[in-house]
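Have a look at the structure below, then the notes.
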Amino acid sequence: MDKKSGQRRLRTRWRTQDTELTFLALPTTIWYILFCFLPMFGLIIAFKDFKIHGGFLSNVINSDWTGFKNFEFLFKSNDAWVVIRNTLGYNLIFIVLSIAVPVTLALMIGQLHSGKAGKIYQTLMFLPYFLSWVVVSAIVWAFLSFDKGIANQFLNVLGNDPVNWYMEPKYWPYFLVFMNVWKGLGYGMVVYLATIAGIDSTYYEAAVIDGASKWQQARFITLPLMKLVIVMMFILAVGRIFYTDFGLFFQVPRDSNSLFNVATTIDVLVYKQLKSATLGMASASAFLQSVLGCVTILIANWVVRVVDRESAMM
């Protein structure tokens, strides 16, 4: 009898805890339902000739089916190859640099003896992450403006002719890559610094006793223990290889037609097409990006699992 009473009390206690945890998770669950799962109903727009002439549901129901015609404009466009090349090319560079640069700086800051100096460096590198691309665009304009830009004033001092930067495509791949790394560096570095902070210090103490240098400690202790986080960040980055930061490729180049071949990606093209195309075409592009992103995540995770099963996400 006492045993049954103990089991009953244990069952009651777990039910109470489950209820508390459910209430704690309820706001997040509601947020996901409203903003992640419910909008998925709108995917049907990608397969319809969506017309705005009434309520949303009546528009979706009454619009004519078009099959896969909304997907054709992305591939039949004269600039399809340029847009896809830019999207994939920039993202491949971003994926490599977004891992290599933050990991390198995290290792360097992690080796600092002064904790105060490390916090100052982290703060300075993290600040650009909070700036919107509109603000960044204004800063870039202050440097690259033809008439009053700091860059052209510096060229004048050196006796060189000013450059119309927003009319010269050859410079912008470097500008865009630099701006992306500069703005996202702090966020990625904080993730890796948190990983380094969680490593047991006894590993380093044993390495020092064995006479290991700082480079050897980073190579044989820090990097191997960071591998899981690096792989996870890589897989997540690969999943967005068909997406680009709209603000970076639209706001910073200031939508200059001269920079079309080096600054136009799928997201920018969809935005421009909305001026003359339908919502169905934009929805089809977003849907295609999501599907391809999911496929690339699965492929990347499969490759990682084949190479090192323990590092895979699933």
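- Formation of a donor-acceptor pair under 3.5 Å by the Gln289 side chain with backbone atoms of Phe242 is found in this model.
- Judged as a side-chain hydrogen bond (donor to acceptor under 3.5 Å, both in side chains), and not counting sequence neighbours, Thr264 has no contacts.
- Atom CH2 of Trp215 sits about 8.5 Å away from atom CG of Leu107, to the nearest 0.5 Å.
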I'd like a table of donor-acceptor pairs (distance under 3.5 Å, sequence neighbours excluded) in which one partner is a side-chain atom from residues 21-46, with atom names and distances.
residue : atom : partner : partner atom : Å
Thr22   : OG1  : Asp18   : O            : 2.7
Thr29   : OG1  : Ala25   : O            : 2.8

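- Atom CZ of residue Phe47 and atom CZ of residue Phe71 lie 4.0 Å apart, to the nearest 0.5 angstrom.
- Here CD1 of Ile266 is found 8.0 Å from CG of Leu292. Values are rounded to the nearest 0.5 Å.
- Side-chain atoms of Asn86 come within 3.5 Å of backbone N or O of Asn261 as a donor-acceptor pair.
- Side-chain atoms of Asp64 never come within 3.5 Å of backbone atoms of Asp49 as a donor-acceptor pair (strictly under, hydrogens ignored).
- Taking hydrophobic clusters as Ile, Leu, Val, Met, Phe, Trp and Tyr residues chained together by side-chain heavy-atom distances below 4.5 Å, Phe220 does not share a cluster with Val208.
- Residue-environment remark: CZ (Arg254) exceeds the threshold of 12 foreign heavy atoms within 6.0 Å.
- A ring-centre distance under 6.0 Å is not found for Trp133 and Phe246.
- Between Ile241 atom CD1 and Tyr90 atom OH the span is 14.5 Å, to the nearest 0.5 Å.
- Here the closest non-hydrogen pair linking Lys48 and Asn70 is O-ND2, 3.0 Å.
- Aromatic ring centroids of Phe146 and Trp165 lie 6.0 Å or more apart.
- Asp147 and Ser145 are not linked by any side-chain donor-acceptor pair at a separation below 3.5 angstrom, with hydrogens and angles left out of the test.
- Nearest heavy atoms, Ala100 versus Thr104: O-OG1, 2.7 Å.
- Note: the hydrophobic cluster containing Ile109 does not contain Tyr204 (ILVMFWY, side chain heavy atoms under 4.5 Å, direct or indirect links).
- A pairwise comparison of heavy atoms in Pro224 and Ala218 identifies CD-O, 4.3 Å as the closest pair.
- Annotation: side chain of Leu225 is in contact with side chain of Tyr203 (closest heavy-atom distance under 4.5 Å).
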Step by step, would you call Tyr166 with Val140 a side chain to side chain contact (heavy atoms under 4.5 Å, CB included)? CA-CA 11 Å; Tyr166 289 90; Val140 174; 3.7 Å; yes
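- Two residues are said to be in side-chain contact when any heavy atoms from C-beta on lie closer than 4.5 Å; Asp267 and Phe249 fail this criterion.
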Test side chain to side chain contact (heavy atoms under 4.5 Å, CB included) applied to Phe260 and Val268, step by step: CA-CA 10 Å; Phe260 181 89; Val268 176; over 6 Å; no
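- Phe287 is connected to Trp65 through a chain of hydrophobic side-chain contacts under 4.5 Å among Ile, Leu, Val, Met, Phe, Trp and Tyr, so both are in one cluster.
- The CZ atom of Phe175 lies 10.5 Å from the NZ atom of Lys170; values are rounded to the nearest 0.5 Å.
- By the 6.0 Å contact criterion, CZ on Phe154 is open, its count of non-hydrogen atoms from other residues, nucleotides or ligands being 12 or less.
- Between Trp302 and Leu298, the closest side-chain pair of non-hydrogen atoms is not below 4.5 Å.
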Verdict with supporting geometry, Leu155 and Asp161, side chain to side chain contact (heavy atoms under 4.5 Å, CB included): CA-CA 7 Å; Leu155 290 175; Asp161 296 329; over 6 Å; no
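- Cluster membership for Val96 and Val177, using ILVMFWY side-chain heavy atoms within less than 4.5 angstrom, is not shared.
- Under a hydrophobic clustering in which Ile, Leu, Val, Met, Phe, Trp and Tyr are joined whenever their side-chain heavy atoms come within less than 4.5 Å, directly or via other members, Trp172 and Met167 fall into different clusters.
- Other residues, nucleotides and ligands contribute over 12 non-hydrogen atoms within 6.0 Å of the CG atom of Asn160.
- Between the side chain of Asp200 and the backbone N or O of Thr202, at least one donor-acceptor pair lies under 3.5 Å.
- Rounding to the nearest 0.5 angstrom, the gap separating the CG atom in Leu223 from the CD atom in Gln217 is 12.0 Å.
- The two residues Pro253 and Leu259 come nearest to each other via the heavy atoms CB-CD1, 3.8 Å.
- When atom types are taken as modelled, the side chain of Glu168 and the backbone of Val163 share no donor-acceptor pair closer than 3.5 angstrom.
- Using modelled atom types and a 3.5 Å distance limit, the side chains of Thr265 and Tyr243 yield no donor-acceptor pair.
- Checked by atom type and distance alone, the side chain of Asn91 pairs as donor or acceptor with a backbone atom of Thr87 at under 3.5 Å.
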Please tabulate, for the side chains in residues 178-199, all donor-acceptor contacts under 3.5 angstrom to protein atoms that are two or more places apart in sequence or on a different chain.
residue : atom : partner : partner atom : Å
Lys183  : NZ   : Tyr129  : O            : 3.4
Lys183  : NZ   : Leu131  : O            : 2.8
Thr195  : OG1  : Val191  : O            : 3.1

